[in-house]
Amino acid sequence: MRTRLLALTASLAACLCAPPAYARPLPSLVTGFTDPILESPSPGVREAWLGRVVGEHAAVVRINVAWATVARAQPPSPALAADPSWAGYDWSTTDVAVADAVAHGLTVQLTLASPAPAWEEGPHRPSSAPRGSWEPNPGAFASFARAAALRYSGTYTPPGATAALPRVRYWQAWNEPNLSIYLTPQWRKVGRGWAPESPFVYRDLLNAFYAAVKAVQPDALVLSAGTAPYGDPPGGERMPPAQFVRNVLCLGEALQPEPCPHPALFDILDHHPYSVSGPFFRAFNRDDVAIADMPKLIVPLRRAERLHLVGGARHHQVWVTEVSWDSSPPDPQGVPIAEQARWLEQTLHLLWQQGVSTVLWYLIADQPPIPSYAASYQSGTYYIDGRPKPSATAFRFPFVVDRVLGRAGGSRSLAWGRAPVAGARVTIEQRLHGAWRVLRTLSSGSSGVFQASLRVGRGAVLRALDGSEQSLVWRVE
Amino acid sequence: MLLRSRLRFVVAVASLGLLVAPGAAGATKVIAPPGNSGVSQYVEVVPGAGGSVPVGSAGKHGPVLSPAARRRLEASGPSGKALVAFAQQTGVPAEHGKAGAGSGSGPGSSGSSHSPGSSHSASSSSKGAAKGAAQLPAAVPASAIRSGGPAGGGLGWGLYAALGAIVLAGAGFFLVRRRSA
């Protein structure tokens with residue numbers, strides 16, 4: 001009796017002491033950029049753009065390492081292939097890019113990807129397979145990954161240098177492996193039909209990479225390659241991403257477990273959900289994955305976790321390391337400049353709602369229109385000359401207000417945002433009769449993310465303020 | 001005798017029409033993200049209701065998007081509706097250059113996802129094809145939609161030629177057999 005009373009009292013105390021749901025910090029949203037300009041050989045260019053990245057309150061930058069670009073010669077032995085100081089490797093571009101990013105207080109995510117050196121491709125490469133894509137040697141890739149993980153372990157000092165290179169904690173194996181441009185073969189002929197092949201080629205690469213990196217840095221985090229959003233029918237040059245990921249996770253079409261002698265090993269699932277329309281647009285095809293379709297990847301991931309068909313972290317994070325739209329100006333066919341900003345904010349919110357914890361926008365700086373606007377990217381939050389677009393503010397201080405269905409069948413407005421500084425007091429204001437009036441004041445919490453129900457209707461004009469910073473104006477639709 | 005020769009001629013012509021007509025009418029459409037019609041790795045292949053349609057003549061050839069595709073776009077908001085309106089109002093610009101199926105000419109110079117070196121001739125062509133089209137809502141660039149897919153395009157007029165050839169062949173065969181009997 002006494003024991004029961006004690007247990008009841010303890011439970012009651014726990015319930016009273018636990019913070020109410022609305023007061024618990026909301027899941028965080030980390031942001032950053034993927035942009036080749038951050039790997040520029042010019043120190044001045046890197047400095048200028050890293051400064052803007054910091055000004056955007058971004059935390060992560062993704063830096064790409066092309067295997068064939070670093071490996072200038074064939075290693076004479078596996079030992080040298082895994083040696084960060086081997087003379088056949090040219091790490092110069094990566095060294096300065098990583099060092100500068102870390103010097104600006106940024107977290108680096110390093111992607112080791114194609115093209116594979118010719119000598120590390122599989123035999124009998126068809127002439128149709130892009131160079132550097134054909135059945136890359138997993139063992140060789142692991143050696144290369146080990147060399148990189150050692151070089152950026154935080155304890156390695158290059159010959160002639162006076163200080164160790166900074167540490168990189170986030171590592172990614174390959175890029176968009178569901179595209180033949182980066183990995184082949186995508187399919188193999190079986191009778192008169194086609195069977196997936198690239199998921200299994202990729203899983204071997206991923207697992208070898210994972211083992212190599214973890215052997216050097218056990219607490220590093222390994223990302224699976226970001227998958228491209230759309231595929232082709234069987235036999236085509238692209239595999240739909242949901243199908244690709246299910247196969248990597250040893251799951252069938254109905255998410256039933258498949259034979260899995262070597263479960264995939266990674267800690268973070270990544271995807272690139274470029275959309276052919278706005279952020280709420282869902283892909284036409286079942287296994288294609290646009291921004292609003294992330295459950296097509298997350299549901300199989302959680303199922304694989306429950307069935308122990310995937311290794312690495314017990315609960316895998318989900319990241320998006322590329323997403324964006326070109327803006328007009330400057331791209332005449334891009335999304336209107338104000339629309340780009342609005343879509344950016346909606347994208348951050350929608351991805352966050354679906355459980356994505358980190359979003360890297362593709363490009364901080366517009367690219368020059370070479371060879372043309374259509375074949376280059378003007379999706380930066382800044383123009384090429386350094387002027388900010390409205391999307392720069394949208395990225396720094398995203399703020400959206402959606403009409404949502406209420407419990408009683410009506411609708412209400414729900415504001416969501418991410419303050420530039422976590423924990424700051426945020427004020428939401430409404431413009432009425434030409435003047436701004438405070439509607440709500442709340443704390444952004446430790447994650448910086450805030451959310452509030454507002455009694456405003458369609459057409460309401462709102463903004464959020466965080467001390468000296470303010471969001472773009474949002475009109476409720 | 002003359003009638004039989006004429007019938008044989010009709011059957012031969014109809015059969016020839018069947019031979020030259022392209023295969024099944026499984027036409028698809030390819031939609032690129034706004035502003036990136038020259039980058040094939042991120043295009044979405046969409047089920048189509050017919051073949052490629054010349055700009056400005058969509059009304060004569062029926063819908064350019066399947067009902068399911070149209071409903072999906074319309075449900076995605078103002079931009080999707082504008083995309084549907086554009087497609088149905090102006091038809092689909094003819095596909096130029098390589099169809100969008102990730103058929104990049106090679107990896108880029110770095111490990112990044114984007115390979116400027118693998119751009120296609122479709123880049124300027126797709127924008128050129130939009131000229132003369134109806135004024136687009138600002139959110140929907142003309143280059144967003146182009147006809148064709150991995151198979152290189154739908155039947156278009158060829159569908160009607162094939163159907164006509166089939167009808168003629170059937171009629172001719174019937175008449176020949178009846179005559180023989």
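Order of the sequence lines fixes the chain letters, A, B, ..., with proteins taken first and strands second; residue numbering starts at 1 for each chain.
Atom CZ of A/R72 has more than 12 heavy atoms from other residues, nucleotides or ligands within 6.0 Å.
When side chains are defined from C-beta on, B/Q41 does not count as touching A/N178, because their heavy atoms never get closer than 4.5 Å. B/V45 places a side-chain heavy atom less than 4.5 Å from the side chain of A/D232. Counting heavy atoms from C-beta outward, B/E44 and A/Y274 have side chains that stay 4.5 Å or more apart.
Distance check, rounded to the nearest 0.5 Å: CZ of A/F281 to CD1 of B/I31 gives 6.0 Å.
A perpendicular orientation is assigned to the rings of A/Y377 and B/Y42, their planes being inclined by more than 60° (bins at 30° and 60°).
Contact record, B/P34 with A/V276: CD-O, 3.7 Å, taken as the closest heavy-atom pair.
A donor-acceptor pair is defined here as one N or O able to donate and one able to accept, closer than 3.5 Å; such a pair exists between the side chain of B/N36 and the backbone of A/S376.
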